[in-house]
Amino acid sequence: MLVLGIETSCDETGIALYDSSEGLLANALYSQAATHAEYGGVVPEIASRDHIRKTLPLIRQALDDAGKRVADLDGVAYTAGPGLIGALMVGAGIGRALAWSRGIPAIGVHHMEAHLLAPLLAAETPSLPFVALLVSGGHTQLVRVDAIGRYTLLGESLDDAAGEAFDKAAKMMGRGYPGGPEIAALATAGRPGRFRFPRPMTDRPGLDFSFSGLKTFTANTVRDLQPLTGQDAADVALAFQDAVVDTLVIKCRRALKATGIDELVVAGGVAANTDLRKKMAASVPAVYYAPPELCTDNGAMIAFTGHERLAAGAVEPLAIATRPRWPIAELAPT
Ligand code: KG4
Ligand code: ZN
């Protein structure tokens, strides 16, 4: 079964082809990051318009890369949520129309489920059940995974997402968007020990997160340092990154202990952070990631997730339905 995957939930147009027997055959990506950079964050209307421009050319490119034709497709998967409504509608509209024109099934994929399953595309894969830490620009969640589609939310952020905190910290220091890679790069020149930032909500029981206090602490530190030198920025970046990473590691260990599970999956854009990976490796018995290029938004994870559901016989009505908000625990098992 050959499935086309379409990701347009935010600022990346991702198109991929996944085949039951041949695996991932193509993975084309266009990032709008440079377009949004001058605004300091994603502008939803610009994102939708750019997806309209890029989706069809990237579908053609992915088919060419794989040596396939539209007639070879057996199904189409597109991101149906959560995400920016206008951006989602582009992928959903094109995906459903393409499937309808070919008489093949289409399926709306949950973006965070796709992040969560992306590690199954790596060489080393986890076994069920596992605990997943989902850390992206919009979500910070700990999820117990018993099977594809059987998810229990263990904890989540009460305010900002971890990726969002990285983005805002970078912005405070006049750095570009997305902030995660900027902070990570700055932190390499940071001197340990100059600042110690709080590890929010780690001193009381529970698996929820909160990053807004850390954001305020960072803002106050940066304000007190004005004019900020390059070394100041590096030291703040390191202290900030240490605080976020420690908090995530502590909560993951706690979730594994509470569930009695020893395999952890870390997924979403923040999973690309090398410091996070280093500290997780030292603190958790078994941790799995998607290949680095499949940690941030991409079409491959959508094609794969759609494939798993379509191959299990999922059937959806023709209506083009998208959901800006969509709790992952509402998903049905395959
Ligand atoms: O999963 P993703 O690509 O998009 C969403 O679904 O949100 O995640 C994007 C987020 C951004 O907030 C970005 O700053 C963060 O992931 N990110 C990182 C790194 N690379 C991307 N955060 C920390 N370190 C990184 N290396
Ligand atoms: Zn994402």
Side-chain angles (χ1 to χ4, degrees), residues 5-14 16 27 29-33 36-37 40-42 44 47 78-84 87-88 91 109-119 132-141 143 156-157 160-173 175-188 190 209 211 214-215 218 237-238 240-249 265-280 289-302 304-305 324-326 328:
I6 305 175
E7 156 62 30
T8 63
S9 70
C10 190
D11 60 343
E12 256 102 23
T13 316
N27 184 31
L29 187 75
Y30 173 76
S31 173
Q32 306 174 356
H36 299 289
V42 178
Y78 58 88
T79 307
L84 303 171
L88 290 168
V109 168
H110 190 290
H111 182 84
M112 298 313 293
E113 177 181 46
H115 271 304
L116 189 157
L117 298 181
L133 171 70
L134 298 176
V135 269
S136 71
H139 293 81
T140 302
Q141 298 182 325
V143 179
E156 66 182 331
S157 179
D160 293 356
E164 190 181 359
F166 269 96
D167 295 335
K168 288 179 177 169
K171 202 171 176 184
M172 284 170 206
M173 296 194 282
R175 307 289 155 152
Y177 174 88
E182 295 273 343
I183 295 281
L186 267 177
T188 56
F209 304 83
F211 291 105
L214 176 61
K215 183 180 66 185
T218 309
L238 180 62
F240 171 85
Q241 178 173 267
D242 278 352
V244 176
V245 167
D246 277 357
T247 304
L248 295 175
V249 170
V265 157
V266 184
V270 182
N273 188 281
T274 44
D275 193 55
L276 175 68
R277 289 181 176 222
K278 228 182 282 167
K279 288 194 178 140
M280 279 295 179
Y289 301 92
E293 71 281 8
L294 302 185
C295 281
T296 47
D297 289 350
N298 63 84
M301 65 184 191
I302 305 301
F304 176 70
T305 304
R325 290 176 181 278
W326 188 0
I328 197 167

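The structure displayed is predicted, hence computed values, not measured ones. Numbering of ligands and ligand atoms starts at 1, following listing order. Hydrogens, waters and symmetry mates are skipped; everything else that's a heavy atom, side chains included, is used.
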query: So which protein N/O/S atoms does the Zn ion (ligand 2) have within less than 2.8 Å?
result: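 The answer, once waters are left aside, is His111 NE2, His115 NE2, Asp297 OD1.
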- prompt: Would you call His115 a ligand 1 contact, heavy-atom distance under 4.0 Å?
  reply: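 Under 4.0 Å: yes for His115.
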query: For ligand 1, is there an atom lying under 4.0 Å from some heavy atom of Pro181?
result: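 Yes, Pro181 has a heavy atom closer than 4.0 Å to ligand 1.
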Ligand 1 and [X], any nitrogen or oxygen pair closer than 3.5 angstrom?
X	value
Ala184	no
Glu12	no
Gly180	yes
Pro178	no
Thr296	no
Gly268	no

field: For atom 2 (P) of ligand 1, the protein heavy atom that lies nearest, with its residue and separation
entry: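 Result: Asp297 OD1, 3.4 Å.
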- request: From atom 15 (C) of ligand 1, work out which of Val245, Val270, Thr79 has a heavy atom at the shortest distance.
  value: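 Residue with the shortest heavy-atom distance to the ligand atom: Val270.
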message: Using a 4.0 Å heavy-atom cut-off, which part of His111 comes near ligand 1: side chain, backbone, both, or neither?
response: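 The answer is the side chain.
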- prompt: Which atoms from ligand 1 have a heavy atom of Gly138 less than 4.0 Å away?
  reply: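 Matching atoms, with element in brackets: 7 (O).
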